[in-house]
Every structure is written in structure tokens, then in C-alpha cells.
Amino acid sequence: MPISESMVQDIVAEVMAKMQIAEAPSGKHGVFKDMNEAIAAAQKAQKIVRDLSMDQREKIISNIRKKTHEQAEILARMGVDETGMGNVPHKILKHHLVADKVPGTEDIKTEAYSGDRGLTLIEMGPFGVIGAITPCTNPSETVLCNAMGMIAGGNTVVFNPHPQAIKTSIYAVNLVNEASIEAGGPDNVACTVEKPTLATSDIMMHHPAIQLIAATGGPGVVTAVLSSGRRGIGAGAGNPPAVVDETADIRKAAADIVNGCTFDNNLPCIAEKEIVAIESIVDELLHYMVNEQGCYLASKEEQDKLAATVLTPKGLNRKCVGRSAKALLAMIGVEVPDNIRCITFIGEKEHPLIAEELMMPILGIVPAKDFDDAVEKAVWLEHGNRHSAHIHSKNVDRITKYAKAIDTAILVKNGPSYAALGFGGEGYCTFTIASRTGEGLTSAKSFTKARKCVMTDSLCIR
Ligand code: NAD
């Protein structure tokens, strides 16, 4: 059999990868004590990734998908054990979703212009080493999703994960490198540090090798990244309202909203955080939520106790984030059966359990006198994040009006919020939704830069 160039490349890549396995520190691929070392290792790996064929990159990504499927349960359990947030069955689903629906190299497209003066291509190339900051709410999901898109774009990545989720994040970083090595790619395509801190993040943000930073988290980290002087992808906070009008299928709306709100105990940033409903249908909606969807109707006194428990003068009580409705109610001395999965009540938009982004299955309902009032209240509640919003209505004109007014990266109509992640909805999945910087649902192409390649007076064959 003749030896082709691609076979030689495969053998060279395999040998280089084996050489690097021997150098890997402490048996954890891609994990370093020092941020500068992590960046240097990722730079070395990027020189190899840059020269891999698209086919070879795709082999690495396919192997990340395979390993993510195989280890979905381990990753889910680790995430819940380490952070105390979310629930295992939903986190398993989230990992399968990442494995199935995060785009790979097919996302990188070339634009062509051909005419009398030749052929020009706009090709999407890598930035090099990308710095990524990841949250504790979807720790391994975000590491895996970012790594797949960034490698597809020809980059390598250095993570500064949330310190509360470091074990889970390291496990995911290791998985990515093992997948790369097994598929004939280099080690250290994803790197991190043993102890991420604000200081390691600062080193990363100002290192000359890092030309792009992708930050997934609350408003603080997005502002820090956008002030770093580097190009930043800012995937920040949301507070998604779900509007329900009188034309909606109210029973289905109740089911969709509670399903979306309670997914992974409300951790996804896109999840329904409050409802704005037209006055005339509030009772019917509440009836289905309480009698069919496992919602607990909290009294005024219970709402006050909950507010005092989940909110502190410094902000959210971290011990309450991503906890189940049953656990939250137990904290205020209310015992409920296992089928209770959400807490609800009727309140004004300024109610602290409604206005704040809680990331807990607490779903206040704000009555609105008519549709215009509902839109105004929902826009106020979204706080200008322009992140995600949802609506249940059969009136296309109203949906259009709402979409324009709220101007969010995601708008789910007549379905649960997780349809936007590709779970029961069309389209691809991401756990980095960059509303603030405009990429929207990030994918491999978000992690590439455009380059113009011009051939004059030739190669146009029209
Ligand atoms: P967080 O803001 O506390 O932490 C996120 C990451 O940023 C962590 O790695 C943290 O260490 C780091 N960080 C925080 N402040 C920083 C600073 N000043 N400089 C450098 N790094 C800093 O958020 P979290 O609790 O981990 O996650 C929940 C928040 O993230 C919610 O607001 C949620 O809406 C948001 N989120 C957004 C998306 C999205 O795609 N838009 C996805 C997941 C979570």
C-alpha cells in the first residue's frame, strides 16, 4: 500500500503525542501549578494543532464526544458532589447534549468572491491560545463545550475555572487531552492550573500569548475581561422572564415553564426565572402549576423567610444556588413531598425573589393588565442583559413585538427554555451564550478570526 502524506502526518502526530504523554505532570493531562507554565504548554500544543488537517481535528472532537457520552454520569455526579448544585439526572442529559450537539469543524465556513479580477477567499483561522473562564453552575459542560469549539477552530485553550468546581473542571480538561492523544493529536490542547484564583486569571488575561478571552459567568467577570485590553467574548448573567398571554395553551405553558425552570434546579442561565402573565389567565396558570406540575404555593410569610434565607446583604446565598425546591423549603422549616419541584407565588416585579437572578426553582408570577404591560414588565425584569426571554402566545404579532422590545440573544416561543440548547428544539448546543458581546450562541466559528486570501486575475473559471 502506498504511503500517503496524511498517513505520514498521522504517524508523526502519534509519535509526538506519545512523547508528550511521558512529559505530562502528575498524571493529570493539562494540569499545571503555574499559569505561565500552562500557557506555555498550550502554546506548544497549538503549534501542532495549527498544522493538523481538518480531518485530524475532527477525529479529536469525535473522541471528546465519545468520552463525554461514556463519562456523562461520572461528570454529572462530580459536579453535583463538588458544588452542591444541580441534580445528577439533568446534568447527565446536559453532558449527552454537549456530546451530540456542540458543533465541530463543520461550523467553520469559507466565503468566496470570484470575478473578472480573480478569486478571493475569506478563511477563518485560529486565534492561537484562547483564555477561558468558566462558571461553577455548568463546570464540565462549559469546559467540554468550549474545548470542542476552540479546537475545531485550530486553537488550544487555557482554562481558569471557578475554584468551587476545580476537581470537576480538571477531570474534564484531562478527558479532552486523553481524547486528543488517543486520536493522534497532542497533549495539552486544554490546560489549567491546580488552584485557579483571581491572580491566575489576571496572569492569563494579560499574557501576550492570549489574544482572545472567553468569559462565562456573572457580570463581574465579563466586565473584568472586557477591561483587559484583549478581545473578549462575554457570556454574562440573565434573568429570563416567561410571558404568558390569554391566547396561549395555558396548560402546556404551565408544563413547559416549570420543566424549563426546574431543569438542573434552575442553574442554566437561560432558564425561566419568573413569569409575567396577563391578569385574566393568572388563576388558570397557577391552577395547572400547583395541581399538575408540582409547584408549592408559598404564603407571604414563607416568601419573606425564603427571601431572608436565599439573599444576603452581599447578594445570593451560595448555599441556596442550584438547590431543589424541597431543600429550599426545608431551610425555612417547611416539609414537602418529593413531587414538589418548584416554588411559586404571585408578586410585584420588584419582589426580591422575582427581580434577582436566583438560579433556584423559585418562580414568581407577575400579573400584567394587558399585553403591552406584560412586555414592559418583562423588559424591566430582564435588566438590559439582552440574554434570554420566553413567551407563550399564539399571536404572531405579539410575539414579534415582544422579540423586538426585549432584544435578547435567545427567545423561545411556546416551549421550555432548554429548547434553546437544542434539547427538544432545533439547532446546536452551547453553554457559553455571549449576549453582551454579540456572538450569541457561541460555536467553533466564534473562536476564529477572518483572513482574506486574494488571488488576482486567475482561478475564476466562470
Ligand atoms: P461567577 O461570576 O461567580 O464566576 C464565573 C467565573 O468568573 C469563575 O471562574 C470565577 O472565578 C470568575 N470570576 C468572577 N469574578 C471575576 C473577576 N472579577 N475577574 C476574573 N474572574 C472572575 O459566576 P458563577 O456563579 O460561577 O455562575 C453563575 C453566573 O454565570 C450567573 O450570573 C449566570 O447567569 C452566568 N452564566 C452565564 C452563562 C452564559 O452563557 N451567558 C452561562 C453560565 C452562567
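As the structure is a computational prediction, the values presented were derived from the model and not from experiment. Heavy atoms only: backbone and side chains are in, while hydrogens, waters and symmetry mates are out. Counting convention: from 1, in listed order, for ligands and their atoms alike.
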From [atom], work out which of [options] has a heavy atom at the shortest distance.
atom	options	result
atom 2 (O) of ligand 1	C136, G218, C269	G218
atom 15 (N) of ligand 1	V221, T197, I213	V221
atom 25 (O) of ligand 1	E357, M85, E141, R318	R318
atom 5 (C) of ligand 1	P139, G217, A215	G217
atom 37 (C) of ligand 1	G322, P240, G315, G236	G236

With a 4.0 Å cut-off on heavy atoms, is H387 touching ligand 1?
->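 Checking ligand 1 against H387, which is what was asked, there is a heavy-atom contact under 4.0 Å.
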
Is the closest heavy atom of P219 to ligand 1 under 4.0 Å?
->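 No.
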
Which one holds for [X] and ligand 1: side chain close, backbone close, both close, or neither close, with close meaning a heavy atom under 4.0 Å?
X	answer
N160	backbone
T216	both
V225	neither

Could you check whether [Y] and [X], counting side-chain N and O atoms only, form a donor-acceptor pair closer than 3.5 Å?
X	Y	result
R57	S62	no
R318	Q164	no
E182	S180	no
D107	S443	yes
D100	H69	yes
E356	N239	no

Please table the atom pairs, donor to acceptor, closer than 3.5 Å between any side-chain atom in residues 133-140 and protein atoms at least two apart or in another chain.
residue	atom	partner	partner atom	Å
N138	OD1	K94	NZ	2.8
S140	OG	H95	NE2	2.8

Parallel, tilted or perpendicular: which describes the rings of H351 and F345, with under 30° parallel and over 60° perpendicular?
->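 Tilted: the ring planes of H351 and F345 meet at 30° to 60°.
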
Show me the donor-acceptor pairs within less than 3.5 Å that the side chains of residues 210-220 make with the rest of the protein, sequence neighbours left out.
residue	atom	partner	partner atom	Å
Q211	NE2	P208	O	2.8
T216	OG1	T432	OG1	2.9

Report yes if I433 has an N/O atom closer than 3.5 Å to an N/O atom of ligand 1; otherwise report no.
->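 Among all N and O atoms of I433, at least one is under 3.5 Å from an N or O of ligand 1.
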
Would you say N138 has any N or O atom under 3.5 Å from an N or O of ligand 1, going by distance alone?
->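 No, there is no polar N/O contact under 3.5 Å.
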
Report, in ascending order of atom number, the atoms of ligand 1 lying under 4.0 Å from any heavy atom of S201.
->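 Those of ligand 1 that fall under 4.0 Å from S201 are 20 (C), 21 (N).
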
For ligand 1, which atoms, with element, lie under 4.0 Å from some heavy atom of G238?
->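 By the 4.0 Å cutoff, the relevant atoms are 34 (O).
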
